[in-house]
Amino acid sequence: MPAQLPKQFTWQKMVNEMDWRFINDGFNSASTNMAIDEAIVQNHLENQIPTVRFYGWKPSAISIGYFQSLEEEVALEKCDEFGVDYVRRITGGGAVFHDLELTYSFVCSEKSGIVSKNIQESYEKIGNSLIKGFDSLGLKAQFVPLNDIVVNGKKISGNAQTRRNKCVLQHGTILLDVDVEKMFSMLKVPDEKLKGKIIEDVKQRVTSVEHEMDWENNFGEITVAGKIDEVVIAMKKGFEDNFGVNLAQGELSKDEKNMAEKIEKERFSSKEWNFKR
Amino acid sequence: MKSIYKVPNGKLLKVFLELNENKISELKLTGDFFAHPEEGIHAIEEELSGKELGGDKNQLTEEINKFIKKKEIEFFGVNAGAITEAIYLAKNGE
């Protein structure tokens with residue numbers, strides 16, 4: 001364990017010699033997902049191994065960035081009509097419709113040196129995991145500042161980061177498929193008259209794994225669940241190759257679970273938090 | 001008063017502003033930008049409360065820059081100059 005290692009061992013070396021924790025979490029509600037990400041970062045100790053978590057959203061949900069106004073960005077009555085949840089994230093960034101997507105979160109301590117203190121560099125470093133993941137799927141992806149990943153020049157992943165408890169938390173989307181019309185029926189735009197044009201514009205600028213992949217040629221006949229599994233396998237490998245580690249299946253600790261329950265109730269399920277701006 | 005300002009090479013900043021005799025009585029900085037720690041944005045809103053909005057934009061930018069340095073707030077996708085621009089845009093109803 002860390003205490004027994006010689007003093008000259010760097011944090012980087014200690015971490016790289018270990019397996020990182022991998023949590024393949026399945027589907028959760030918006031408030032549960034955000035509470036788990038926060039519980040992981042708040043419980044993370046300085047010398048602890050990083051965590052990579054994959055998850056989905058059930059029901060589908062819109063998350064807004066920390067600084068956005070829920071009522072300004074989201075047509076709440078439309079969300080209710082579609083049974084779509086909404087939540088404010090602890091990370092900045094924009095509104096996201098989490099529907100047909102795989103979401104990841106990554107937590108490491110700042111002191112570990114695994115990612116740069118520089119925000120832009122750290123987005124790129126973590127984003128390289130996804131680029132390697134897309135590469136496994138046969139897709140050539142690129143990082144585009146500030147915080148996007150594109151395939152064929154179109155956005156396929158958006159990412160958001162916060163730093164708390166002397167740790168980095170980054171979470172982001174991997175779009176499996178996208179329904180731009182449905183998304184914009186629930187997202188407000190500054191000028192409703194321009195909505196049609198904005199939708200067309202977004203359709204040109206956003207893509208998805210489903211749109212880019214030639215599944216049949218690569219995998220033969222494949223079910224939707226099979227496709228999701230392939231993306232999970234590819235992205236897990238992407239993180240492993242990018243950081244030179246092994247992701248070992250793990251689970252939340254008791255403390256993390258307890259904290260997640262508490263902050264889900266007190267923060268992410270509360271009107272006070274979700275409507276605070 | 002309200003403004004929407006696209007930060008050059010950055011994110012979208014939406015400002016809600018109330019003035020009382022040309023002094024900021026309420027300010028809300030919203031948008032898809034990032035700030036670390038996030039609570040720093042509340043602190044900036046509070047710091048600017050009561051500030052008179054004269055003709056000198058540079059002075060406001062300098063004050064914001066001084067404050068974020070003191071409080072160790074790191075912006076990403078936004079900057080002090082953009083906040084100033086958005087505030088004056090809201091004030092002037094441009």
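All chains are named by letter (A, B, ...) in the order of the sequence lines, taking the proteins before the strands, and each is independently numbered beginning at 1.
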Sequence neighbours excluded and cut-off under 3.5 Å, please list the side-chain donor-acceptor pairs for residues 92-102 of chain A, or say none.
unit_1	atom_1	unit_2	atom_2	d
A:His98	ND1	A:Glu101	OE1	3.4
A:His98	ND1	A:Glu101	OE2	2.8
A:His98	NE2	A:Ser63	OG	2.7
A:Asp99	OD1	A:Ser60	OG	2.7
A:Glu101	OE2	A:Trp57	NE1	3.4
A:Glu101	OE2	A:Thr103	OG1	2.4

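- The local environment of CD in B:Glu39 is crowded, with over 12 non-hydrogen atoms from other residues, nucleotides or ligands closer than 6.0 Å.
- A distance of 7.0 Å separates CD1 in A:Ile90 from CD in B:Glu38, rounded to the nearest 0.5 Å.
- Taking the six-membered ring where the residue is Trp, B:Phe76 and A:Tyr123 present parallel rings, their angle staying beneath 30° rather than reaching 60°.
- Sequence neighbours left out, the pairs with a member in residues 63-90 of chain B that pass salt bridge (Lys or Arg N to Asp or Glu O under 4.0 Å) are B:Lys51-B:Glu63, B:Lys57-B:Glu85.
- The stretch residues 10-37 of chain B places B:Gly10, B:Lys11, B:Lys14, B:Phe16, B:Lys28, B:Leu29, B:Thr30, B:Gly31, B:Asp32, B:Phe33, B:Phe34, B:Ala35, B:His36 near chain A, each with some heavy atom under 4.5 Å from a heavy atom of that chain.
- For A:Lys203, the NZ atom sits in a packed shell: over 12 heavy atoms of surrounding residues, nucleotides or ligands are nearer than 6.0 Å.
- Residues of residues 164-202 of chain A that come closer than 4.5 Å to chain B, counting heavy atoms only, are A:Arg164, A:Pro190, ordered by residue number.
- Applying the 6.0 Å contact sphere to CD of A:Gln120 captures more than 12 heavy atoms from other residues, nucleotides or ligands.
- Looking at A:Glu73, the atoms closer than 4.5 Å to chain B (heavy atoms on both sides) all sit in the side chain, from C-beta outward.
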